[in-house]
Amino acid sequence: MDKTPFDIRALVERHRQDALPLLERYVNPSFAAVLRTIGFDINFVRGQGAYLWDDRGIRYIDCLGGYAVFNVGRNHPVVREALKQAMDLDLPNLLGLGAFRLSGLLAKELVAMAPGAGVVGGEPLDTVFFANSGGEAIDAALKHARAATGRCRVVYCDRAYHGLTMGSLSVCGNAEFREGFGPLLGDTTQIAFNDLPGLERELARGDVAAFIVEPIQGKGVHIPEAEYLREAQRLCHKHGALLIADEIQTGLGRTGRMFACEHYGLEPDIMVIAKALSGGYVPVSAVLTRRWIHEAVFSSMDKCSRIQTTFGQNDLAMAAGLATLHVLREETIVENAAVVGAYLMERLRAALAKYEMVKQVRGLGLMIAIEFQPPRLRSVGLRTGWELLHKMDQSLFCQAVLIPLLTEHRVLAQVAGHRQDVIKLIPPLVLSRENADEIVAALDATIGACHKFPGPVWEVGRKLGGAAIKRFGGKRGEVSAPPM
Ligand SMILES: Cc1ncc(COP(=O)(O)O)c(C=O)c1O
């Protein structure tokens, strides 16, 4: 009897309409319900660069970027070709006991581009530990810090997001992710972002292994005050603690520099990257450390693999990483993020200044937030709408803006964080000025529509809130797409 050949193309074609039903039935029914409720149940069938297409052939600008994964754009031909070549080489992948060639090469490149590399007399980040996801790499970074300092406590910031593994969740400043999963790691302390006296107070107790911080906070796109991070670094060193920079979202060009640390003259002791290193294809993360920290962890032959993961240096991930770094350099993508990001932010500020509910447009490179505020007291109608939506769900107002942005103006974006009236744009860094103009026009139109009460956007919000409350038994906070 003939064997059935495996044909992924045919499989995808056969199930062209099935993505949502499959999600609903086998993977995550609640998430499917959220997508349906918020009108994000679009059947996307193709992605390229900064664009997505649905099954009707309609083109969308992707300002969500797979939660900041697609810095080089979706399905970049150079990364794709590198992966095909790597497969055709029949490499001796995952040797286990053996030396991995591609991981050595990727580590060499990362070390050469890390903050502080090449500084005479400096103490560079010169060893790399590879893992598969951001959260897993954060866990590894915390272990490095504890082993290297012989101390336990980790200080982190409110609103911080470092992942959802048990370790990384323990240093997340977002209570909603913790609920029901405790107790988490002990010996962690939350302080306010930008609070230097608070940080020094904790460090002065002499038991802090590390202060972990995102140079720009992903949840809400919060930018540090001018001297905050440098001073935090100085305080860490004064008190014998390590500085861990989480560049998982900000790294690899997102903010218009290769690493956000560069904006602030920061040379962390440990730096974590992930997301975009994958080229949007193969999960990978990396923890860069100073050599003495590495040596404190892997301190003898019997301890040479005491932090490890089976797939940590797998060839396809390494090939994706190497190709991604090549593309970032050769195609001046980081520069594009700086130039187009500044242009987009300037145009957004100009276009949205007229709206009373727009509080601020902020960001760096192509990591941009639009924050909203309650309408003036004398705008009675708008005020009623605002209060109604916020009573139903904290993120409903933003979601009510995002739905017409997607369904009428074909721009995909996200709510930036729980309990924040903030929309976030983190598109692929290949975004063009023309794309930026389209995004500005789309946001101008949707935010403009919100400033008329009654109006279609408020109606969307009201229906959304009602549908969610019905579906989720009156519980609040479950209507928006989960912010990452
Ligand atoms: C700053 C930051 N750190 C850590 C993570 C966790 O990464 P992962 O989802 O790959 O575990 C994320 C994910 O959004 C992130 O933005």
Side-chain angles (χ1 to χ4, degrees), residues 28 31 63-71 129-143 145 154 156-174 176-178 181 184-185 188 193 210-224 229 243-255 259-261 263 266 268 270-288 309 311-312 314 317 320-321 324 363-369 413-418 420 422 424-427 481-484:
N28 189 338
F31 191 70
C63 285
L64 203 155
Y67 296 126
V69 161
F70 293 103
N71 288 17
F129 172 80
F130 287 108
N132 310 287
S133 71
E136 198 188 350
I138 294 290
D139 281 2
L142 298 179
K143 281 186 172 176
V154 179
Y156 65 94
C157 293
D158 63 346
R159 294 188 306 244
Y161 186 80
H162 297 294
L164 300 181
T165 58
M166 283 303 216
S168 59
L169 182 58
S170 306
V171 290
C172 265
N174 297 277
E176 50 284 336
F177 290 110
R178 296 170 170 235
F181 298 128
L184 302 175
L185 280 191
T188 60
F193 190 59
F211 171 50
I212 182 167
V213 67
E214 299 153 85
I216 295 172
Q217 291 192 314
K219 293 256 173 276
V221 188
H222 295 285
I223 313 260
L229 292 172
L243 179 72
I244 303 177
D246 179 345
E247 289 257 15
I248 288 171
Q249 186 163 152
T250 50
L252 302 173
R254 169 64 49 199
T255 66
F259 299 105
C261 283
H263 292 286
L266 213 59
I270 300 178
M271 185 173 83
V272 187
I273 56 178
K275 289 194 188 266
L277 190 61
S278 67
Y281 280 103
V282 192
V284 60
S285 54
V287 183
L288 281 69
T309 165
F311 289 106
N314 81 84
T324 299
L364 203 51
L366 280 168
M367 186 168 180
I368 296 176
Q414 61 166 321
V415 182
H418 292 96
Q420 301 187 41
V422 182
K424 174 165 148 184
L425 310 175
I426 39 171
M484 285 284 278

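Start at 1 and go down the list; that is how both ligands and their atoms are numbered.
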**Prompt:** Should you measure from each heavy atom of Gln249, which atoms of ligand 1 turn up under 4.0 Å away?
**Reply:** 16 (O)
**Prompt:** Taking side chain as C-beta onward, heavy atoms only, is Ile368 less than 4.5 Å from Val221?
**Reply:** no
**Asked** Do Phe259 and Leu266 come within less than 4.5 Å of each other through their side chains, counting heavy atoms only?
**Response** no
**Message:** Using a 4.0 Å cutoff against the non-hydrogen atoms of Tyr161, which atoms of ligand 1 qualify?
**Reply:** 1 (C), 2 (C), 3 (N), 5 (C), 12 (C), 13 (C), 14 (O), 15 (C)
**Message:** If you define the side chain from C-beta out and look only at heavy atoms, does anything of Lys275 sit under 4.5 Å from Arg254?
**Reply:** no
**Gly134, any N or O under 3.5 Å of ligand 1 N or O** = yes
**Asked** Nearest to atom 4 (C) of ligand 1 by heavy atom, Glu247, Glu136, His162: which?
**Response** His162
**Prompt:** In terms of atom number and element, which parts of ligand 1 are under 4.0 angstrom from non-hydrogen atoms of Glu214?
**Reply:** 1 (C)
**Prompt:** What atoms of ligand 1 come within less than 4.0 Å of a heavy atom belonging to Gly163?
**Reply:** 4 (C), 5 (C), 6 (C)
**Complete:** Applying side-chain contact (heavy atoms from CB on, under 4.5 Å) to Cys172 and not counting sequence neighbours gives Tyr161, Leu169
**Asked** Taking both backbone and side-chain atoms of Gly135, is any N or O found less than 3.5 Å from an N or O belonging to ligand 1?
**Response** yes
**Request:** For the residue pair Glu214 and Thr250, establish whether any side-chain heavy-atom pair is separated by less than 4.5 Å.
**Result:** no
**Prompt:** With sequence neighbours left out, what residues match Tyr281 under ring-ring contact (aromatic ring centres under 6.0 Å, His included)?
**Reply:** none
**Request:** Before signing off on this row, confirm whether Asp246 and ligand 1 have an N or O atom pair separated by under 3.5 Å.
**Result:** yes
**Request:** Answer yes or no for Lys275: is there a heavy-atom contact with ligand 1 below 4.0 Å?
**Result:** yes
**Message:** Could you tell me if the side chain of Ile216 sits less than 4.5 Å from the side chain of Pro224, heavy atoms only?
**Reply:** yes
